[in-house]
Amino acid sequence: MPLSDDKWQKKPLININGSIRGKKKVVPFAVKILILYIMYELLISYINRYSGIVIDTEEERLVRAAFIPKTLRKRQYFLQQGDVCKHYCFIVKGAMRQYRVDEKGTEHFISLGIEQWWMGDRESIVMLTPSKYNIDAWENCELLTITQAEAVRLQDAVPAVRKMLQSMEERNSISNQTRLNDTISLSAQSRYTSFVKEHPEFLQRFPLHIIASHLGITKETLSRIRKNTIL
């Protein structure tokens with residue numbers, strides 16, 4: 001679910017692993033705590049914004065306890081095809097992709113995500129079945145992760161979380177329906193135009209072959225569309 005924050009679009013001076021960008025020294029433990037505080041504050045702000053409810057101090061404590069921070073390096077898996085997905089993740093920093101690999105080894109991209117989007121295979125999590133997808137980090141990522149059990153407990157205890165999840169469900173349903181309709185009824189040119197309008201920031205974060213696959217067209221077709229658009 002998108003809602004980017006400009007200050008997180010740039011590389012942070014201090015990484016979540018405790019290192020200072022451009023230096024190998026490890027920063028004090030207090031700085032790591034500050035970074036984690038900022039990560040949780042972004043999540044809490046997201047919950048408040050999408051629920052329309054400001055959570056109180058005790059509810060904040062429950063949210064912080066339910067979400068576990070995780071760092072992924074570029075190309076590191078969050079989920080591998082054939083494994084059961086155990087967590088959802090909230091992207092604090094970085095870019096991720098969800099895709100399947102067919103019998104010919106071709107990657108088909110199902111979902112892309114950047115800051116303040118969620119990733120996870122809901123079918124696998126809920127049904128406890130092996131996932132059809134890989135989810136990995138396209139950039140170095142800083143995440144907050146939660147299990148299905150914790151998510152259920154949290155929405156029962158925190159009305160704002162329940163309202164946020166309802167809002168996300170509605171938005172995802174509309175988005176999936178729109179994407180299916182676009183794939184069936186729109187030309188490749190129109191699909192690309194719609195994608196650029198909805199997610200212009202993705203063009204700076206993902207290469208053409210990933211965007212082309214996500215749109216259901218070839219890289220060559222996308223290159224031709226972009227060339228004609230520029231002209």
Which distance, rounded to the nearest 0.5 Å, do you find between the [atom1] of [X] and the [atom2] of [Y]?
X: Leu43; Y: Glu60; atom1: CG; atom2: CD; value: 10.0 Å
X: Phe67; Y: Cys89; atom1: CZ; atom2: SG; value: 10.0 Å
X: Lys93; Y: Met39; atom1: NZ; atom2: CE; value: 12.0 Å
X: Asn134; Y: Asp121; atom1: CG; atom2: CG; value: 10.5 Å
X: Arg179; Y: Ile184; atom1: CZ; atom2: CD1; value: 12.0 Å
X: Thr145; Y: Ile91; atom1: OG1; atom2: CD1; value: 12.5 Å

Heavy-atom closest contact ([X] atom, [Y] atom, distance):
X: Glu41; Y: Arg64; result: OE2-NH2, 2.5 Å
X: Met119; Y: Arg97; result: CE-C, 3.8 Å
X: Leu72; Y: Ala137; result: CB-CB, 3.9 Å
X: Asn181; Y: Ser185; result: O-OG, 2.6 Å
X: Asn48; Y: Ile53; result: OD1-O, 3.0 Å
X: Pro130; Y: Val84; result: N-CG2, 4.0 Å

> Can you list the steps and then say if Lys132 with Glu123 is a salt bridge (Lys or Arg N to Asp or Glu O under 4.0 Å)?
Replying inline: CA-CA 9 Å; Lys132 305 179 184 71; Glu123 178 184 355; 3.1 Å; yes
Is the backbone N or O of [Y] less than 3.5 Å from a side-chain atom of [X], with the two atoms forming a donor-acceptor pair by type?
X: Trp138; Y: Leu112; result: no
X: Tyr99; Y: Asp136; result: no
X: Gln76; Y: Arg73; result: yes
X: Ser51; Y: Met164; result: no
X: Gln204; Y: Glu201; result: no
X: Thr193; Y: Gln189; result: yes
X: Ser213; Y: His209; result: no
X: Asp102; Y: Thr106; result: yes

> Can you list the steps and then say if Ile135 with Tyr77 is a side chain to side chain contact (heavy atoms under 4.5 Å, CB included)?
Replying inline: CA-CA 6 Å; Ile135 300 177; Tyr77 286 112; over 6 Å; no
Quick one: are [X] and [Y] in side-chain contact, heavy atoms under 4.5 Å?
X: Leu143; Y: Thr71; result: no
X: Ile146; Y: Glu150; result: yes
X: Gln98; Y: Tyr133; result: yes
X: Phe78; Y: Met96; result: yes

Check: [X]/[Y] side-chain N/O donor and acceptor closer than 3.5 Å:
X: Arg191; Y: His214; value: no
X: Ser131; Y: Asp83; value: no
X: Thr178; Y: Ser175; value: no
X: Ser190; Y: Ser187; value: yes
X: Gln116; Y: Arg49; value: yes

>> Assess the residue pair Lys163 and Gln166 against the criterion (side chain to side chain contact (heavy atoms under 4.5 Å, CB included)); give the C-alpha distance rounded to whole Å, side-chain angles, the decisive distance to 0.1 Å, and a yes or no.
In response: CA-CA 5 Å; Lys163 184 69 180 296; Gln166 290 172 349; 3.8 Å; yes
> Is there a side chain to side chain contact (heavy atoms under 4.5 Å, CB included) between Arg224 and Asn228 once you walk through the steps?
Replying inline: CA-CA 6 Å; Arg224 184 168 60 254; Asn228 292 337; 3.8 Å; yes
According to a hydrophobic-cluster definition based on side-chain heavy atoms being under 4.5 Å apart (Ile, Leu, Val, Met, Phe, Trp, Tyr only), do [X] and [Y] belong together?
X: Ile38; Y: Ile68; answer: no
X: Phe195; Y: Trp117; answer: yes
X: Val152; Y: Leu165; answer: no
X: Leu128; Y: Ile125; answer: no
X: Val196; Y: Leu208; answer: yes

> How about Gln177: does its CD atom have over 12 heavy atoms from other parts shown lying under 6.0 Å from it?
Replying inline: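 No, not enclosed.
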>> Counting neighbours of NZ on Lys74 that are heavy atoms of other residues, nucleotides or ligands and sit closer than 6.0 Å, is the number greater than 12?
In response: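 Yes, enclosed.
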> How are the rings of Phe202 and Phe206 set to each other: parallel, tilted or perpendicular (split at 30° and 60°)?
Replying inline: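 Because their plane-to-plane angle is over 60°, the rings of Phe202 and Phe206 count as perpendicular.
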>> Between Tyr88 and Trp118, is the ring centroid distance below 6.0 Å?
In response: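 Between Trp118 and Tyr88, which both carry aromatic rings, the centre distance is not below 6.0 Å.
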>> Quick check: Phe90 with Tyr46 (ring centres under 6.0 Å apart)?
In response: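 When the ring centroids of Tyr46 and Phe90 are compared, they turn out to be within the sub-6.0 Å range.
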> Taking it one step at a time, do Leu144 and Val92 satisfy side chain to side chain contact (heavy atoms under 4.5 Å, CB included)?
Replying inline: CA-CA 7 Å; Leu144 289 172; Val92 176; 4.1 Å; yes
